[in-house]
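For ligands, and for the atoms within them, numbers begin at 1 and follow the listed sequence.
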Amino acid sequence: MRIACFLKEAVLLFSEEELAMTKFNKISNRIDSFRDEMIDMQIQLSAIPAMSPKNGGEGEAKKADVLLKFFKANGFQTIDVIKAPDFDTPAGYRPNILAIYKGKSSSKTIWIMTHLDVVPPGELALWKGDPFKAWVEEGKIYGRGVEDNQQDMLASLFAVKAFLAEGLKPNFDVGVALVADEETGSEKGIQYVLNHTQAFRTPDLIIVPDAGNREGNMIEVAEKSILWLKFKTLGRQAHGSTPEKGINSFKAASFLVTELDNLYQIFSNKNRLFDPPISTFEPTKKEPNVPNINTIPGEDIFYMDSRILPEYKIEDVEEKIKKMAKNVEKKFKVKIDLGEAQRAPAAPPTPAKAPVVSALKKAIKEVYDKDAKPKGIGGGTVAALFRRAGFNAACWAKLDETAHQPNEYCVIDNMLGDAKVFAHIFLQD
Ligand SMILES: [Zn+2]
């Protein structure tokens, strides 16, 4: 009698939080049981080189078909394919899949968005094996696309599958978005979806696991503006022995390169959210000028990659650059043409206290025992497209950052761990 009484009290003492905890343990164990299945699917997906036509590929339609089968087999209630027309692909379109797994409430959706496309393998001789025949070695899967972005694509799919297998419901609807064209501008990917659907709502949590670090403690919420400029300097060609008869465009351009370094002093603000915490202005690409040593080059082309803190206006940076170019034109009697190769003003940052950031922090602490911090980065991520459209999106994943490299790999434990982070968020209030 006493025991029964005690038991009853013990049952009553189970708090909501403890119940969520046992649910999470079940889900977590279930995700572990999917390990082999997830590896198999990685290998299967890597065998379909989903490169965009701009990268010499056929697009993502075949890969999308394989994934659609997964959604159909695993209880997703709504599966939409938004097709962006593309007549450079055999299918004639680029697929964007939005799959919804119903939760207890539909008042908001927890979105995980990953991309279907992969970049070309690059120099094959640098690979230890065939990039499109993924292989497993010491806890890692090697192959093109396995980390970028299949690791977290499969993490999102199997996090949901674990709920189905356990007969549990997420607290809110879960949206799995698999988009095309991320590697070549997103025009036929998420930008197309944002322009042609009303799939996303303000209270939704939008997670883009396409940026991160080894520790898994970086939540990307902000970015710098990007400005890529082409400098074409025109002088006059002459024989190398008679420079006075020409105007050395390369010399003038070199002078300009050193002038441009002053931008670091002019735009010297520090912002601790970013790493590095400053704006950067770096000369990068150089086009060949003359093929032989004994000619004074009459034309010179170089490029500069600038990453500008969001507190500065791109226009103000441009104005200073134009002034510097004018001075060099006068000094060397050259003509300098400025061309824009890319101009991407920073999107409004996702606030460091946005619900998507708090949800990620909580889950990362539970799964990886890490205190994750919101951060800004220098490169534009696809999350910026959400931010420009008025949604708070956060990028996070635990990655070794091997994307786009030869011997790209995915740490299998990261794939499982990230699935648990997503599952944890699906159980949060
Ligand atoms: Zn990516």
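If you look at Asp148 and ask which of its N, O or S atoms sits nearest the Zn ion (ligand 1), the answer is OD1.
In this structure, Lys326 pairs ionically with Glu329, as a charged nitrogen and a carboxylate oxygen lie closer than 4.0 Å. Using a 4.0 Å cut-off between charged nitrogen and carboxylate oxygen, Glu318 and Lys322 do not count as a salt-bridge pair.
Among the atoms of Glu182, none of the N, O or S atoms falls under 2.8 Å from the Zn ion (ligand 1). The Zn ion (ligand 1) does not have Glu183 among its coordinating residues (no N/O/S atom, backbone or side chain, under 2.8 Å).
Taking the Zn ion (ligand 1) as the corner point, the angle from Asp210 atom OD2 to His115 atom NE2 is about 90° (rounded to 10 degrees).
Lys370 places no side-chain N or O within 3.5 Å of a backbone atom of Met218 that could act as its donor or acceptor partner.
Checked against the 6.0 Å centroid criterion, the rings of Phe255 and Phe250 do not qualify as a close aromatic pair.
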